[in-house]
Amino acid sequence: MPKRSSSIPAGLEELRRLLIFLGKKDLKIAAAWVFIFFLTQLTANGVPMLFDPFIGAVSGGVIGWYIAEDAVAEAGFSGIVLTILLVLACWIPVWFTDWLLNQIVHGLFGWPMTFGRWMLLTFTTIFSLIASVWRSLADE
């Protein structure tokens with residue numbers, strides 16, 4: 001049984017433990033998204049951008065599954081609060097990392113946000129939501 005400090009209530013201690021657990025996973029997702037961001041610059045324009053929805057769906061599924069794996073056991077609670085935390089844990093590292101990289105590369109190289117990038121982010125967002133909810137419900 002984990003050690004609890006006397007100043008933090010039990011429910012908040014579980015929440016703190018879950019947020020630390022998700023934060024560690026989010027750092028790995030952000031690092032992976034840097035790789036995906038630069039890899040998909042090849043598919044950002046023209047006909048190759050038709051592959052972006054597929055890449056986004058696969059990466060979103062993997063991200064959602066990875067985030068929700070063991071999260072129910074780590075949290076000690078379930079329900080809508082856990083679902084919202086898992087979905088936010090999927091979306092925040094992807095969108096923040098992509099926004100930050102987009103600001104950097106647009107300033108340095110002039111790469112704009114294209115329709116292909118938008119499709120990649122949209123499919124990643126949708127499929128990470130689906131996978132994280134599905135995985136967390138399977139663990140309950």
Side-chain angles (χ1 to χ4, degrees):
M1 181 162 205
K3 237 172 136 177
R4 247 192 324 152
S5 68
S6 59
S7 63
I8 300 176
L12 291 179
E13 180 65 29
E14 289 176 348
L15 182 62
R16 184 185 72 80
R17 197 172 68 240
L18 176 66
L19 291 176
I20 290 170
F21 175 76
L22 293 176
K24 290 177 183 177
K25 287 187 171 195
D26 277 351
L27 290 175
K28 292 176 185 174
I29 289 171
W33 195 257
V34 171
F35 176 74
I36 292 170
F37 180 86
F38 286 108
L39 181 71
T40 58
Q41 288 302 320
L42 301 172
T43 63
N45 291 317
V47 175
M49 81 176 167
L50 296 174
F51 292 105
D52 280 345
F54 175 73
I55 296 167
V58 171
S59 61
V62 169
I63 288 168
W65 196 267
Y66 175 70
I67 282 288
E69 189 173 15
D70 300 328
V72 174
E74 186 68 30
F77 60 91
S78 61
I80 191 71
V81 174
L82 179 63
T83 302
I84 291 170
L85 288 174
L86 292 176
V87 170
L88 287 175
C90 291
W91 290 354
I92 289 171
V94 170
W95 279 91
F96 179 74
T97 306
D98 199 86
W99 173 81
L100 185 65
L101 288 171
N102 204 21
Q103 295 299 315
I104 293 169
V105 299
H106 183 66
L108 292 176
F109 307 118
W111 295 345
M113 174 68 138
T114 62
F115 184 66
R117 294 230 39 86
W118 180 82
M119 285 193 310
L120 175 77
L121 284 169
T122 302
F123 275 76
T124 301
T125 301
I126 292 169
F127 277 84
S128 66
L129 177 136
I130 293 168
S132 66
V133 171
W134 184 10
R135 175 66 183 177
S136 68
L137 289 175
D139 284 347
E140 285 182 10

side-chain contact (heavy atoms from CB on, under 4.5 Å), that's the test. Do V94 and T125 meet it? Break it down for me.
CA-CA 8 Å; V94 170; T125 301; 5.5 Å; no

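- Taken to the nearest 0.5 Å, the CH2 atom of W134 stands 11.0 Å off from the CG atom of L137.
- In this structure, the side chain of S128 does not engage the main chain of G60 through any donor-acceptor pair within 3.5 Å.
- Pairs of residues two or more places apart, or lying in two chains, never qualify as salt bridge (charged side-chain N to carboxylate O under 4.0 Å, His left out) while including a residue from residues 27-37.
- In this structure, OG1 on T43 lies 3.5 Å from CG on D52, to the nearest 0.5 angstrom.
- Note on residues 112-135: pairs passing salt bridge (charged side-chain N to carboxylate O under 4.0 Å, His left out), not counting sequence neighbours, are D98-R117, R135-D139.
- With values rounded to the nearest 0.5 angstrom, I55 atom CD1 is found 9.0 Å from I36 atom CD1.
- Atom CG in L120 sits 10.0 Å away from atom CZ in F37 (nearest 0.5 Å).
- Heavy-atom contacts from other residues, nucleotides or ligands closer than 6.0 Å to CZ of F38 number more than 12.
- Legend: residues meeting side chain to side chain donor-acceptor pair (under 3.5 Å) with W65, ordered by chain and number and at least two apart, are absent.
- You'll find the side chain of I67 stays beyond 4.5 Å of the side chain of V87, heavy atoms only.
- Between the side chains of W33 and S59, not a single donor N or O lies within less than 3.5 Å of an accepting N or O.
- Within 6.0 Å of CZ on F51 lie no more than 12 heavy atoms contributed by other residues, nucleotides or ligands.
- Taken from CD1 in I126 to CZ in F123, the straight-line distance is 6.5 Å, to the nearest 0.5 Å.
- Comment: R17 does not engage E14 in a salt bridge, judged by the lack of any side-chain N to carboxylate O separation of less than 4.0 angstrom.
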